[in-house]
Amino acid sequence: MNQDDMKRAVAQAALNEIVPGTILGVGTGSTVNHLIDLLADRVADIPGAVSSSEASTRRLQAIGIPVLDLNDVDSIPVYIDGADEVTPEGFMTKGGGGALTREKIVASASDRFVCIVDESKIVETLGRFPIPVEVIPMATSVVGRALGKLGGRPVKRGDFVTDNGNIILDIHDLRLKSPGDFEIRVNNIPGVVTCGVFASTPSNLTIVGGPEGIQAISP
Ligand code: 5RP
């Protein structure tokens, strides 16, 4: 089984987590793209979705699932999304695709976060994958200097603009012993929209795909 097969297998397993007849929260990325493709056979079960990116919105609409504005939705029982790194406690780094802010908003508005990953994403400590931070463009330098003081090496993601019109600084060379404290500190820097550490919005269930099959981890 290659990595893409594993991504498809966890997406398939996540279909069991959907509550039929309710609004589904949908993340972003190649793993979620498999999920959306599989949802084509479940359209009748899903009255609408709240999407975390323009890319997922287009893909959902292409299979006939209505995409709703979060402001028009009272309840999202389940949010399904991938991650760049996940710890056994359910803390994650997200934002490899640059959709971290909308992902965090939809995750926080949902009752359950189901994270779907292949086994390469499981780590004991976050930070091997550079940590994305979405930043208001005028604050790029000032936020970069502040992030440097935390011990990492921020690098501006070249030629990338988020769906919200902002830039991404990816922090390299930092290992997070305390993801919760880090998330609060970074999010308090003026100019930061949010960072890609999901400690305040951990996954409730992580479905992991490996060569031997899938495994569920509930923190
Ligand atoms: C996008 C994300 C993705 O969930 C993360 O990058 C994982 O992507 P993929 O499923 O392609 O490996 O956070 O902002």
Side-chain angles (χ1 to χ4, degrees), residues 1-15 17 24-39 49-60 78-87 90-110 112-123 126-135 155-172 176 179 183 186-187 192-210 214:
M1 221 192 239
N2 65 28
Q3 189 182 32
D4 199 53
D5 292 335
M6 292 179 212
K7 289 183 178 192
R8 189 173 173 86
V10 292
Q12 176 80 50
L15 295 177
E17 304 302 321
L24 179 65
V26 177
T28 298
S30 56
T31 316
V32 165
N33 284 346
H34 283 299
L35 175 76
I36 298 174
D37 293 347
L38 292 163
L39 290 180
V50 174
S51 167
S52 63
S53 65
E54 301 299 330
S56 290
T57 294
R58 284 192 292 274
R59 213 168 174 107
L60 285 159
V78 178
Y79 175 67
I80 304 175
D81 198 357
D84 300 302
E85 288 188 338
V86 196
T87 71
F91 300 144
M92 291 163 280
T93 297
K94 293 186 44 53
L100 59 159
T101 299
R102 294 189 190 189
E103 291 173 337
K104 198 177 276 189
I105 292 169
V106 185
S108 72
S110 303
R112 280 184 85 222
F113 185 145
V114 176
C115 180
I116 50 175
V117 288
D118 67 83
E119 64 177 11
S120 70
K121 308 288 186 69
I122 303 295
V123 297
L126 300 178
R128 187 185 59 201
F129 188 93
I131 298 155
V133 182
E134 181 165 354
V135 178
V155 177
K156 183 170 180 285
R157 202 177 289 184
D159 286 337
F160 185 86
V161 178
T162 70
D163 285 347
N164 311 307
N166 298 314
I167 63 105
I168 299 279
L169 293 176
D170 291 305
I171 313 176
H172 295 248
L176 301 191
E183 183 181 19
V186 173
N187 285 354
V192 168
V193 181
T194 199
C195 73
V197 172
F198 281 48
S200 58
T201 45
S203 76
N204 302 102
L205 171 69
T206 303
I207 303 175
V208 187
I214 61 162

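Remember, it's a predicted structure, so these values are computed and weren't measured experimentally. Note that ligands are numbered from 1 as they come in the structure, with each ligand's atoms numbered from 1 the same way. Position 1 is the first residue of the sequence; numbering continues from there.
- The two residues L176 and P179 come nearest to each other via the heavy atoms O-CD, 4.1 Å.
- Here the closest heavy-atom approach between residue L35 and residue A14 is recorded as CD1-CB, 4.3 Å.
- No side-chain donor from either of S51 and S56 sits under 3.5 Å from a side-chain acceptor of the other.
- When each atom of ligand 1 is checked for a heavy atom of A99 under 4.0 Å away, the hits are 14 (O).
- Residues F129 and T93 share a closest heavy-atom pair of CD2-CG2, 4.2 Å.
- Checking only distances, G97 does come within under 3.5 Å of ligand 1, N or O to N or O.
- Heavy-atom proximity to atom 7 (C) of ligand 1, evaluated over S120, S56, P132, A83, is greatest for A83.
- Here is the list of ligand 1 atoms found below 4.0 Å of a heavy atom in K7: 9 (P), 11 (O), 12 (O).
- Those atoms of ligand 1 that come under 4.0 Å of a heavy atom in D81, given as number and element, are 4 (O).
- A salt bridge is defined here as a Lys NZ or Arg NE, NH1 or NH2 lying under 4.0 Å from an Asp or Glu carboxylate O, and E54 with R102 meets this definition.
- Remark: ligand 1 atoms within the under-4.0 Å shell around heavy atoms of G82 are 4 (O).
- Near G98, meaning under 4.0 Å from one of its heavy atoms, ligand 1 places the atoms 14 (O).
- Not close to ligand 1: G27, with no non-hydrogen atom less than 4.0 angstrom away.
- Nearest approach of L100 to K94, heavy atoms of both residues: CB-O, 4.1 Å.
- Smallest separation of non-hydrogen atoms from M6 and M1: CE-O, 3.5 Å.
- A salt bridge does not link K104 with E134: none of the charged nitrogens is closer than 4.0 Å to a carboxylate oxygen.
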Tell me, with the steps shown, if V32 and D81 meet side-chain contact (heavy atoms from CB on, under 4.5 Å). CA-CA 6 Å; V32 165; D81 198 357; 3.6 Å; yes
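- Those atoms of ligand 1 that come under 4.0 Å of a heavy atom in K94, given as number and element, are 2 (C), 3 (C), 4 (O), 13 (O).
- Every atom of ligand 1 with a heavy atom of T31 under 4.0 Å away is listed here by number and element: 9 (P), 10 (O), 12 (O).
- Considering all non-hydrogen atoms of both residues, H172 and D170 come closest at CD2-O, 3.2 Å.
- Of the listed options E134, K121, E103, E103 places a heavy atom closest to atom 2 (C) of ligand 1.
- No N or O atom of V32 sits closer than 3.5 Å to an N or O atom of ligand 1.
- The protein atom (non-hydrogen) at minimum distance from atom 3 (C) of ligand 1 is T28 O, 3.2 Å.
- Listed by atom number, the atoms of ligand 1 under 4.0 Å from G95 heavy atoms are 2 (C), 13 (O), 14 (O).
- With respect to atom 11 (O) of ligand 1, the closest heavy atom belonging to the protein is S30 OG, 2.5 Å.
- Atom 5 (C) of ligand 1 has D84 OD1, 3.2 Å as its closest protein atom, hydrogens excluded (heavy atom only).
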